[in-house]
Amino acid sequence: MRRPRGEPGSRAPRPTEGATCAGPGESWSPPNSMLRILLSAQTSPARLTGLLLIPPLQPCCLGPSKWGDRPLGGGPPAGPVQGLQRLLEQARNPGELLRWLSQNPTKVRAHHYPVALRRLGQLLVSQPRPPPVEQATLQELSQLIVRNCPSFDVHTIHVCLHLAVLLGFPSDGPLLCALEQERRSRLPPKPPSPQHPAFQGEQRLEAALSCPRFLRYPRQHLITRLAEARPEELTPHVMVLLAQHLARHRLREPPLLEAIAHFLVVQEAQLSSKVVQKLVLPFGRLNYLPVEQQFMPCLERILAREAGVAPLATVNILMSLCQLQHLPLRALQFVFSPSFINHISGTPHSLIVRRYLSLLDTAVELELPGYRGPRLPRRQQVPIFPQPLITDRARCKYSHKDIVSEGLRQLLGEEKYRQDLTVPPGYCTDFLLCVSSSGAVLPVRTQDPFLPYPPRSCPQGQAASNPTTPDPAQRVVLILQERWHFCRGGRVLLGSRALRERHLGLMGYQLLPLPFEELESQRGLPQLKSYLRQKLQALGLRWGPEGG
């Protein structure tokens, strides 16, 4: 018996040539002019549609599809529901795409509509000369989404809204108005009305910030345009996207960071700690203290108000403030209290919270000598960073650690330095040397490489001494400062790197930074050995027979 056309059980049509989708992590790279137009509040929908008709350099889709694994509007796809999704993803033209949706009303789920919009974009950009889309087809697809969008969840609404903007649906048309109305009803505070110019600019900024290509690769010329768009008038969702973009790409842009700080102060009453932790993240990571005078008082009020609501968000905010060398006493007393520690014990994020609390406890020990409140019990403490950070492990093939290690081996000998040694309370050091009071580099095996922690009180500028040897030994830590340890395009260390160096110095270790510019200028191992020799001799260190 022949199956009626449109049933999900029928044979899936083969995709046309040139409609190949990109794999995970790949995306269509829109021209620079498209991104500039997306950031313009005066852009007409026709121009956006025209841009989508420009064929890319290679056939690919607007971005990796993720609705097949987890439907955004309900439970996991199974049977006919999953079959319908495959048919939508393989539709050969807009008319066929619409037919699968309209002829299977009982099998359509909320997550199918973003799939349909995405496939429509693929059909438009994958053909060398795509045929014009019939207005009736677009209107019918728009009506289907408008009729069913009240059943969408928040994320599905956002995805449909972004794709509809990119596809050129009119900003004052029924589709965008219905989706925006659903978004406003679920995500307070209320954004500007559709007639306001800031509304159109917000939509395009949100679409541009959510574009996979924009998230993966920083665009300096777009950062300037974003600053001109008055982001303080945008929604928390857009501001979080902007904050994540700055943190991810190490973009220390004062105008944008100040705009985020101002937004946080203005919207203080409406923001939860879970949103605040995302807005504060770039300040600690980029080691940037805003000039907004109410920034710190605002964060302290938010912590006092919501510290017990979201433990992980509370600790994340404190971590960002710790990198900025600002530790509010009231919040510290709360997170070190027995009730808070008992509350987080046994939770899925217990280990990460204890690690952050251990770092905060170290900061209190080293940076707040006058603190008399509760502290983290010793049995709850864990190593802070017991191994090289994830970024260093991911970029190990670009690191100078191997060649520096070989240079030290040939210059000093293997017995006179330690690599990747974790010192109490849990900081991993790149290279560590033990040096006598006369400047001789000592074999590490004959010395205790660790300084006592907590550090003993000693005059500022003097290194802590090793009580087990009659000759007080100094510990010198060689710190590799790789290119990715700094904010992009500047000489400011990232917050986590600056925090590690600050704490190692306060614990009594003498630091010898090796900046990436100097390491990259060395041509070969002989030059690197000469460079290391000069660095060590500048500290007054001696080795070899004369240093024994």
Side-chain angles (χ1 to χ4, degrees), residues 154 158 180 183-193 196 198-199 201-203 205-206 209 226-248 251-337 340 343 353 356 360 363 495:
V154 175
H158 275 291
E180 181 58 31
R183 188 174 78 109
R184 285 202 308 268
S185 65
R186 305 183 193 200
L187 295 176
K190 200 173 182 180
S193 62
H196 197 282
F199 170 78
E202 173 189 325
Q203 276 190 0
L205 283 174
E206 190 170 347
L209 285 168
L226 283 167
E228 295 172 355
R230 302 181 66 187
E232 70 273 8
E233 296 182 354
L234 303 178
T235 63
H237 177 71
V238 176
M239 298 303 289
V240 166
L241 289 175
L242 179 58
Q244 291 173 339
H245 182 80
L246 296 178
R248 179 179 294 112
L251 297 175
R252 199 173 191 264
E253 296 289 337
L256 295 179
L257 291 167
E258 291 294 340
I260 296 174
H262 178 69
F263 174 85
L264 195 150
V265 171
V266 172
Q267 300 291 335
E268 172 188 348
Q270 286 77 33
L271 299 178
S272 66
S273 56
K274 293 185 178 180
V275 175
V276 172
Q277 68 175 341
K278 299 175 183 178
L279 295 177
V280 175
L281 173 65
F283 296 96
R285 174 166 169 76
L286 302 173
N287 201 6
Y288 181 84
L289 183 64
V291 298
E292 172 65 60
Q293 296 183 354
Q294 290 300 313
F295 180 75
M296 289 300 180
C298 171
L299 289 178
E300 292 186 17
R301 289 192 295 269
I302 293 175
L303 285 173
R305 182 184 74 211
E306 298 203 11
V309 178
L312 184 58
T314 299
V315 178
N316 282 335
I317 296 172
L318 280 175
M319 281 293 300
S320 296
L321 294 182
C322 181
Q323 292 172 342
L324 296 173
Q325 301 186 59
H326 184 88
L327 294 170
L329 298 181
R330 184 176 177 183
L332 288 175
Q333 293 171 353
F334 177 81
V335 297
F336 288 144
S337 65
F340 182 86
H343 178 64
V353 172
Y356 287 173
L360 290 171

- Message: To the closest 0.5 Å, what do you measure between CD1 (Ile260) and CG (Leu242)?
- Response: 4.5 Å
- Between the CG atom in Leu299 and the CD atom in Gln277, the distance rounded to the nearest 0.5 Å is 12.0 Å
- Between Pro254 and Tyr288, is any pair of side-chain heavy atoms under 4.5 Å apart? yes
- Is there a donor-acceptor pair under 3.5 Å between the side chain of Glu306 and the backbone N or O of Ser273? yes
- Message: So does Val291 get a backbone contact from the side chain of Glu258, meaning a donor-acceptor N/O pair under 3.5 Å?
- Response: yes
- Identify the two heavy atoms, one from Arg285 and one from Arg248, that lie closest to each other, and give their separation to 0.1 Å. NH2-O, 4.3 Å
- Given side chains that start at C-beta, do those of Gln267 and Pro236 come closer than 4.5 Å, heavy atoms only? no
- Message: Between Leu264 and Ile302, is there a side-chain heavy-atom distance shorter than 4.5 Å?
- Response: yes
- Are side-chain heavy atoms of Met296 and Leu321 found at a separation under 4.5 Å? yes
- Just how far is it from atom CG of Leu303 to atom SG of Cys298, taken to the nearest 0.5 Å? 9.5 Å
- Nearest atoms (heavy-atom pairs only) where Phe340 meets Ala307: CE1-O, 4.2 Å
- Do Thr314 and Tyr356 come close enough that some side-chain heavy atom pair is under 4.5 Å? no
- Query: How many angstroms lie between atom CG of Leu251 and atom CG of Leu286, to the nearest 0.5 angstrom?
  - Reply: 7.5 Å
- Message: Please enumerate all residues that pass side-chain contact (heavy atoms from CB on, under 4.5 Å) together with Glu300, with sequence neighbours excluded.
- Response: His326, Pro328
- Message: Within this structure, what is the CG-CG distance for the pair Leu257 and Leu279, rounded to the nearest 0.5 Å?
- Response: 11.5 Å
- salt bridge (Lys or Arg N to Asp or Glu O under 4.0 Å) filter on Arg305, not counting sequence neighbours, yields none
- Message: How about CZ on Phe336, more than 12 heavy atoms from neighbouring residues, nucleotides or ligands closer than 6.0 Å, or not?
- Response: yes
- Would you list the pairs meeting salt bridge (charged side-chain N to carboxylate O under 4.0 Å, His left out) in which at least one residue belongs to residues 262-273, sequence neighbours left out? Glu268-Arg301
- Look up atom NZ in Lys278 and atom CG in Leu241, then write down how far apart they are to the nearest 0.5 Å. 9.5 Å
- Using the side-chain contact (heavy atoms from CB on, under 4.5 Å) rule, take Leu324 and Phe283 through it: C-alpha gap first, then chi angles, then the decisive distance, then the call. CA-CA 8 Å; Leu324 296 173; Phe283 296 96; 4.1 Å; yes
